[in-house]
Protein chains: 4
Amino acid sequence: MLNRVVLIGRLTQDPELRYTNSGTAVASFGLAVDRPRPNQAGERETDFINIVVWQKQAELCAQYLHKGRLAAVDGRLQIRTYENREGQKVRVAEVVAETVRFLDRGDQSASAGPTAPAARPAPAAAPESRRAPAPRFEDDPFADDSQMIDISDDDLPF
Amino acid sequence: MLNRVVLIGRLTQDPELRYTNSGTAVASFGLAVDRPRPNQAGERETDFINIVVWQKQAELCAQYLHKGRLAAVDGRLQIRTYENREGQKVRVAEVVAETVRFLDRGDQSASAGPTAPAARPAPAAAPESRRAPAPRFEDDPFADDSQMIDISDDDLPF
Amino acid sequence: MLNRVVLIGRLTQDPELRYTNSGTAVASFGLAVDRPRPNQAGERETDFINIVVWQKQAELCAQYLHKGRLAAVDGRLQIRTYENREGQKVRVAEVVAETVRFLDRGDQSASAGPTAPAARPAPAAAPESRRAPAPRFEDDPFADDSQMIDISDDDLPF
Amino acid sequence: MLNRVVLIGRLTQDPELRYTNSGTAVASFGLAVDRPRPNQAGERETDFINIVVWQKQAELCAQYLHKGRLAAVDGRLQIRTYENREGQKVRVAEVVAETVRFLDRGDQSASAGPTAPAARPAPAAAPESRRAPAPRFEDDPFADDSQMIDISDDDLPF
DNA sequence: TTTT
DNA sequence: TTTT
C-alpha cells in the first residue's frame, strides 16, 4: 500500500552493473548506514543494506559512485524470495532505489531519478561491448544471497 | 547516518509479545505490503516485512492489532546477523518501529510513539502474569529466522 | 536534492478538480494531520496541510475521496511563491503528492501512483464536458492563498 | 496520524539560536532544496524551506552548521498560524527536525537526534552568557513570517 | 477554510 | 530572505 525508505550511508563496494536479457541496466551495491547506540555514548551500530537501481540511474551509479562514497537513497523495501542450491527458500531484503543522490562532492553530478528526461533509454540499446564484462559473478558480493545471476525481465520494477 | 522507513500494510499474524531479561516489552509481527505490478495491469506484488516494536508500543500493538488489520509503521530498517544451528551466518531484515498507527477503525486508539507521555514505563514493571504465556517459540512465525528467542538487553534500540 | 514527505490524515474538504490550459488534471484538498501533544496527555495538535495531485491520480481523488476520509500521501514539500492582489509576495506550502492511498474502506480502490499503467493520459484528452464545471473559484478553499486560478503548464511537476 | 519529512539541501543562512523563557534552545535556518525540472533538461527548481530544531540539536546546529553547508533533515511538517501586525492570520510552514545530519565533511560530527544520550538537558541549564546575544530579532531572517520573537514554552514539541 |  |  505504501512503502518508502530513505537512507544515507557509504558504499561498501563499487556498484556492480549488469543487464537483463532485454538489455535493461541494473546496478547493485551495499550501503553502510550507521547510527548511534543510545545509552552507550560514542558507540555506533552499522546496518549493511543492499541497494538495487535500475535503468539510467544504474549506469550513473556505476559511473560516478565508488566504494566509500556517501550517498542518499530514496526507494522501497523489497523482500525477495528465492531457492538456493540446497533447495531452501531464502529471503533477501534490498532497497530498490527510485533516486540515488551523490553526496560527497560535485553534488550536481547526482542523477535525477525517475522523472528525469531520458530516464528510460531503449533497453536494447545496451551495447554489446558494455555487457561483456558485466556479470563477473565470482566476485559479486551480492551474488550469493541476492541471486541476481539470471535477472529476468519479470523482476523489472517499472 | 539516516535511516527512515514508512510502511502501510496488513498484519499477516497476531503480534507476538515477549520480554527481555530485564523486562522490556518487544512485539513482532509480519506486515504484508502490496504494490501494483506496473505494466501488468491489475496484478499486485506483495512484500512480507518483519516489524519489531518496543516498550509501551509493543504492548499496545499486542492489545489492539490483530491479523488482517491495516497499520502504518514509521521506523528504521535493521539488518540483523546471527548464526543458525548449522553455524551459518544469516541476515534478517526487519523494520524497528518508532511509531505504529492503527488504521482500520477507532484510529484514535492508535498508540502515540516515542514522544508520548509514559512511553517509557519502568521495564521491571512487566507483571509476571503477563510474561508467562508470552514466549511460545514453537509457533512463533519469526522464531526461525529472526532468532529472537533469547532477546538480550543489548538489542534495545533506545 | 532529496525531498520526501509522507502523511496520513483526514480530508478537510472534498477534493477540488481543475484542468490546466493544456488539459492536465490537478486536484487539491486539505489534509488534517494530528499528533499527540507530548506532556499534555490526551490533547492533540492538528496540522492542516494542502495537498496537490496531478494527472490520473487527481481524477481518482476527485472521484473517490471525500471530506472526512482517511488518506495517505507520499510526495514532496513545495514552497510556492506568488504575488497577491496587494502586490505582496506570499509563500504557500503544499505537498505535491506522488501517490495517494485511500485508507478508509475498499483499500483496493486506491490509485496506483506514477508507475501505474495509464498514469499519463494524453492531457488534451480532458473532455469539454468535464472541464466545464471544474473551476468554481468562488468557493475554492485554496483559491485565496494558493492562487491556482490560472494554472499554467509551467507548474507541471513532471 | 503520521507526518514524516526527509530533506537534503544547503543552508541559506547561518542557524539562528534562541532560547524559550524556560531556557530551552531553539535553532532555525533556511534550507535550499533543489530538484530537476523535468522536461526542461538541466534546469533546476529550488524550494526554500524553514527548519526548526530544538534542544541539544539546536546547539549543535548553531555550532557546526553554516550558510552553504549540506545537511539532511528528518522531521515533521508543521503549519503554524499566527496573527501579524495587521491582525491577519498568517500560516507558516516549517519542518520541525527530529534529526539533522551534517553532510559536508566530518560526518561523524553530526548530532544524534532524540534518542542520543544527554539529548534532553535540564532546560534551565542554558547559561546566562549564552542567552545574552541570542535574540537579535532585528536581523532575524525568520522573524517576519515565523514570529518566533516570543517563543512560548507552549510551542515545545516534546 | 478545517478532519474523526 | 535565499544555498552549490
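Note: hydrogens, waters and symmetry copies are ignored here, and every other heavy atom, side chains too, is used. Just so it is clear: chains get the letters A, B, ... in the order the sequence lines come, proteins before strands, and each one is counted from 1.
Summarising the geometry, the separation between NZ on D:Lys67 and P on F:dT4 is reported as 7 Å, rounded to the nearest angstrom. The distance from atom CE of D:Met1 to atom P of E:dT2 is 21 Å, rounded to the nearest whole Å. In this structure, D:Leu7 atom CG and F:dT4 atom C1' are separated by 17 Å, rounded to whole Å. Going from atom CG of C:Leu31 over to atom P of E:dT4 covers 12 Å, rounded to whole Å. Nucleotide F:dT3 holds its C1' atom 13 Å from the CG atom of D:Asp47, rounded to whole Å. Rounded to an integer number of Å, the gap from CD1 of C:Ile79 to C1' of F:dT2 is 13 Å. The distance between atom CD of D:Glu94 and atom P of F:dT2, rounded to the nearest whole Å, is 19 Å. Whole-Å rounding puts the D:Gln13 CD to F:dT3 C1' distance at 10 Å.
Every side chain to side chain contact (heavy atoms under 4.5 Å, CB included) that B:Ala62 has, sequence neighbours left out, goes to B:Leu17. Under the side chain to side chain contact (heavy atoms under 4.5 Å, CB included) criterion, C:Ala93 pairs with C:Leu77, C:Ile79, D:Ala93, not counting sequence neighbours.
Heavy atoms of D:Gly9 sit nowhere under 4.0 angstrom from any nucleic acid atom.
Interface remark: the D:Thr46 side chain does not form any donor-acceptor pair with the F:dT2 base, using a distance-only criterion of under 3.5 Å. A donor-acceptor contact under 3.5 Å links the side chain of C:Asn50 to the base of E:dT1.
With respect to D:Val73, the side chain to side chain contact (heavy atoms under 4.5 Å, CB included) criterion is satisfied by exactly one of D:Thr99, D:Ile51, D:Val6: D:Ile51.
With salt bridges taken as basic N to acidic carboxylate O contacts below 4.0 Å, none links B:Arg4 and A:Asp74.
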